[in-house]
Amino acid sequence: MQSTWECTGATHRPHTARDYTETPMKSIIVGTAGHIDHGKTALVKALTGIDADRLEEEKRRGITIDLGFAHLQLTSTAGERLRFGFVDVPGHERFVRNMLAGVGGIDLALLVIAADEGIKPQTREHFDICRLLSIPRGITVLTKSDLVDAETLEVVSLEVQEFLRGSFLEASPVIAVSSLRGTGLEELKRTLMETAEAVPPRDATAIVRLPIDRVFTMKGFGTVVTGTLVAGTVRKEDELELFPNRRRLRVRGVEVHGAAADEAVAGERTALNLAGVEKQDVERGMVLAASGRLETSSRMDVKLSLLSSAKALKSGARVHLHAFTSEVIATVNLLDGKQLQPGGETFAQLRLSAPLLLVPGDRFIVRQFSPVVTIGGGVVLDTFPGKKFPGTAHLDLLKALNSDESTKALLARIARRGENGMLVSQLLRETGRNQNVLEGWLSELRRENAIARCDDFLMESQSLRRLADSLIGMVSKFHASNRLAPGISKQALEEQAGASERGFEAGLAFGIEQKQLAITADVVHLPGRGVVMKDDEAESRRVIEKTFSSAGLRVPALKDVLATLKIDKPRAQKIVTLLLREGILIKISDDLVFHASALQALRAQLLAERQKSPRIDIARFKDIAAVSRKYAIPLLEYLDREHVTKRVGDERVIL
Ligand SMILES: Nc1nc2c(ncn2[C@@H]2O[C@H](COP(=O)(O)OP(=O)(O)OP(=O)(O)O)[C@@H](O)[C@H]2O)c(=O)[nH]1
Ligand SMILES: [Mg+2]
C-alpha cells in the first residue's frame with residue numbers, strides 16, 4: 001500500500017505491518033475539547049507533528065471545521081508501548097455537531113483552555129459534553145502560556161480549578177504549555193503516559209461496532225471508511241453489516257492509526273477498505289457491525305440527565321440526539337412525571353426519527369431543538385422496549401437495567417419475558433454483548449437458581465415456577481371436572497397456558513421433573529391420576545358396558561341402568577360421559593343410548609340387506625332390526641344422519 005487511509009494530514013509515514021513479536025501496544029484515543037482558537041490543533045501538531053486540519057477551507061480560515069486525526073507513539077518508563085490516536089475537534093459553536101461525531105469513542109479528553117482567554121462558552125459546552133458522555137478521564141491543558149505572565153497564568157489556573165471542582169477532572173492534572181515554544185510539552189507527554197496506564201483495555205471480543213466518521217475513495221483501493229472502533233476486532237476478509245441499510249460488505253484491508261494491519265481491535269483509530277460498496281452509499285453516522293448479530297431500533301428507554309444550565313424539559317419535546325457519529329431527531333417521553341427540571345435526571349423513552357444501531361450502555365447527547373444548544377445526555381438502557389407500561393413496573397425494570405451489577409440487569413431482561421422466556425441469541429442482540437461474557441453471567445445466574453435454561457432457551461426461575469404451577473392448576477381443574485378422563489391433551493393445555501411454545505415446553509418439563517405433572521401419550525395428567533379409577537367406579541363402568549352390549553338394539557332406559565349402580569348419580573353420569581367420549585356408547589337421541597357394537601352390527605346387517613333390495617320402509621326395518629317402532633324411528637333418523645340410509649318420500653334407500 002502506498003499511502004495511509006487514516007491520516008490524510010501533512011505527514012505520510014511509511015507503513016509497517018504490526019509486529020506481533022514485540023510487546024503488545026496499548027491504544028488510547030485522545031479527544032481534544034475546548035473553545036475556538038484556544039490552540040487545540042496547534043497542540044496536537046506540537047505533540048504529534050501532524051496537522052489535523054486537513055481541509056483547504058480550514059487552512060484558509062485558520063479554524064477547524066471537521067474532525068482531524070493524528071497519532072503518536074510513546075514508550076512509558078515501565079516499557080509499555082502506548083499509541084495515542086488523537087481526534088481533534090472544532091471549537092466553533094456552529095460545528096459542535098462535528099465535535100460530537102468525534103468525541104464518542106474517546107478514552108481521554110484533553111480540555112484545552114487558552115491562558116489568555118480563560119473559560120469561554122464552548123469550553124463549558126465541550127466540558128458538559130464530556131461529562132454527559134461519562135468520558136472517564138482527562139487532562140486540562142492551559143495553552144498559549146507564552147502569551148501571559150506568571151501571575152495571569154496563576155489566576156487562570158485557579159479559575160480553571162474552580163471550574164473543574166466536583167467533576168471527573170477535579171483531581172486530574174492541569175498543565176500549562178506553549179505549543180509555539182514547546183514549553184510544557186514533555187510534562188504533558190509524561191502525564192499522557194501516566195493517565196494512559198490507567199485506561200482499561202476495551203473489550204476486543206465484543207460484537208464489532210465501528211461508527212463511521214469519514215468516507216472517501218482512494219485510487220487503487222476504492223471505498224475507505226474510518227472511525228474509532230468502539231468494540232470487537234476487525235480482520236481482513238471479515239464480513240461486516242452496514243447499518244442502517246443492512247448491506248453486507250467485505251473488508252478488503254485494515255489500517256490502524258495510519259498503518260496497514262491484519263486486524264484492528266477495539267479502541268483503535270481504524271480505517272477499512274471495503275469491497276462491494278460505493279462512496280456515495282456510505283456516510284458519517286452509519287455503523288459497521290458484525291454481520292447478523294445486531295439490529296437497529298427507533299425506540300429506546302434511557303436514563304436522561306439535563307444540564308443545570310438548560311431550561312426544564314417537557315415530556316413530548318423534540319431534541320437533536322447525537323450518539324457516536326450519528327445524529328437524529330428524538331421525541332422525549334418522560335416516564336416519571338411531565339417535566340424534567342434543570343440539573344435533574346429521569347428515565348425516558350425516546351422515539352427516533354430514524355433507526356440507530358445502539359446497545360445498552362451507549363451514551364448520547366441531546367441538544368435543544370431550536371436554538372440548538374447542548375442541554376443534556378444520557379445512557380441507553382433498552383433498545384427494544386415495549387410501549388410505556390403503567391404503574392411502577394416500567395420504572396422498576398429500568399432501575400434494574402440501570403444497575404451496575406451486570407447479572408442483575410441481565411436477570412431483569414430475562415424476567416421481563418415472563419413465561420415466554422427468551423433465546424440466548426435474543427439476549428445477545430438486546431445487550432450487544434459478546435457470547436462468552438454473556439455465558440459467564442448466565443452461569444452465575446444459574447448457579448444462583450435465578451434462571452432456568454434448556455439448550456438456548458432461558459426463563460427466569462420464578463416465571464418457570466409460576467408457569468408450572470399454573471399448568472398444574474389447569475390439569476387439576478381438568479381432572480376435577482373430567483374425573484374419568486385420563487387427562488388433558490397436551491395441545492389443549494398449551495392453548496390454555498398461552499405461553500410461547502418453548503416456554504410451555506419448559507414449564508411442562510419442569511412440572512414433570514418435579515413429579516407434579518406426568519404425560520402419557522400426549523395426555524397431561526397429575527401423577528397417579530387420569531386413567532386410574534376407583535374400584536366401585538371401575539365396577540360400575542363394567543356393568544354399564546355389559547348391560548348395553550348384551551342388550552343389542554333393545555336397550556334399557558339409561559336412567560334405569562344407572563339406578564342399579566352402587567355409585568351416586570353424578571359419578572355414574574361421568575362414567576357415561578367418558579364411555580360416550582371414548583365411543584364405546586353412542587347416544588342417538590335424548591334418551592336412547594346404544595353400545596357401539598350393536599350399531600355396528602346393524603350397519604353390517606343393512607349392508608347385507610341392500611343386496612336384496614336397497615329400498616326399505618319402517619316395517620322392513622322393524623323386521624331386520626327386530627325392534628319396536630319406539631326404537632325404529634330414532635334409529636332410522638340416526639342412520640340417515642350417518643348416511644347409511646337416505647329418506648326418499650315415505651321410504652328410505654340403503655346407501
Ligand atoms: N502564541 C501562541 N499561539 C498559539 C499557541 N497555540 C496556538 N496558537 C495560535 O492560536 C491560533 C489558533 O490555534 P488553533 O490550534 O488553530 O486553535 P483551535 O483550538 O484548534 O481552533 P479551532 O479548531 O478552530 O477551534 C493559531 O493562530 C495558533 O498559531 C501557543 O501556544 N502560543
Ligand atoms: Mg483546531
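Please read these numbers as outputs of a predicted model, since none were measured by experiment. This chain uses plain numbering: 1 for the first residue, then up along the sequence. All ligand and atom numbering here is 1-based and tracks the order in the structure.
Checked by distance only, ligand 1 and Lys40 come closer than 3.5 Å through their nitrogen or oxygen atoms. On a distance-only criterion, Gly34 and ligand 1 share no N/O pair closer than 3.5 Å. Of the N or O atoms in Ala42, one or more lie within a sub-3.5 Å distance of an N or O in ligand 1. The distance criterion of under 3.5 Å between nitrogen or oxygen atoms is met by Asp37 with respect to ligand 1.
The protein reaches atom 20 (O) of ligand 1 closely, with a heavy atom under 4.0 angstrom from it. Atom 26 (C) of ligand 1 is not flagged as protein-proximal [any protein heavy atom, distance under 4.0 Å]. Of the protein's heavy atoms, none falls inside 4.0 Å of atom 29 (O) of ligand 1.
For the pair Asp107 and Lys26, the salt-bridge criterion is not met [side-chain N within less than 4.0 Å of a carboxylate O]. Ionic pairing of Glu56 and Lys59 is not present here: no N-O contact between side-chain nitrogen and carboxylate oxygen is shorter than 4.0 angstrom.
In Leu147, the part holding a heavy atom less than 4.0 Å from any atom of ligand 1 is the side chain.
Ranking protein heavy atoms by distance to atom 16 (O) of ligand 1, first place goes to Gly62 O, 4.0 Å. Protein heavy atom nearest atom 31 (O) of ligand 1, with residue, atom name and distance: Ser179 N, 2.9 Å. Looking at atom 32 (N) of ligand 1, its nearest protein heavy atom turns out to be Asp146 OD1, 2.8 Å. When hydrogens are left out, the protein atom nearest atom 5 (C) of ligand 1 is Lys144 CG, 3.5 Å; that is the closest non-hydrogen contact. Among protein heavy atoms, atom 14 (P) of ligand 1 sits closest to Gly39 CA, 3.7 Å. Annotation: atom 23 (O) of ligand 1 to nearest protein heavy atom, Thr64 OG1, 2.6 Å.
Interface of Leu180 with ligand 1, defined as ligand atoms under 4.0 Å from a residue heavy atom, comprises 1 (N), 2 (C), 30 (C), 31 (O), 32 (N). Atoms of ligand 1 lying under 4.0 Å from any heavy atom of Ile63, numbered from 1 in the order shown and given with element: 24 (O). Below 4.0 Å from some heavy atom of Thr41 lie the following atoms of ligand 1, by number and element: 15 (O), 18 (P), 20 (O), 23 (O). Annotation for ligand 1: atoms under 4.0 Å from non-hydrogen atoms of Ser178 are 31 (O).
Of all the heavy atoms in Leu306 and Lys311, the pair that sits closest is CD2-O, 3.4 Å. Residues Pro244 and Met286 come closest through the heavy atom pair CD-CG, 4.0 Å.
One of the N, O or S atoms belonging to Thr64 lies under 2.8 Å away from the Mg ion (ligand 2).
For the residue pair Ser134 and Arg363, a side-chain donor N or O sits within less than 3.5 Å of a side-chain acceptor on the partner.
Ring-centre distance between Phe369 and His320: below the 6.0 Å cut-off.
Among His257, Arg83, Arg202, His71, the one residue that satisfies the side chain to side chain donor-acceptor pair (under 3.5 Å) test with Glu268 is Arg83. A side chain to side chain donor-acceptor pair (under 3.5 Å) with Thr64 is found for one member of Asp37, Asp53, Asn98 and no other, namely Asp53.
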Apply salt bridge (charged side-chain N to carboxylate O under 4.0 Å, His left out) to the pair Glu241 and Arg248, showing each step before the final yes or no. CA-CA 4 Å; Glu241 195 169 346; Arg248 306 241 166 153; 3.7 Å; yes
Please determine whether side-chain hydrogen bond (donor to acceptor under 3.5 Å, both in side chains) holds for the pair Asp213 and Thr226, giving the CA-CA distance in whole Å, both sets of side-chain angles, and the decisive distance to 0.1 Å. CA-CA 6 Å; Asp213 54 33; Thr226 72; 2.7 Å; yes
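At least one donor-acceptor pair closer than 3.5 Å links the side chain of Asn273 to the backbone N or O of Thr223. A donor-acceptor pair under 3.5 Å links the side-chain atoms of His126 to the main chain of Gly34, judged by distance alone.
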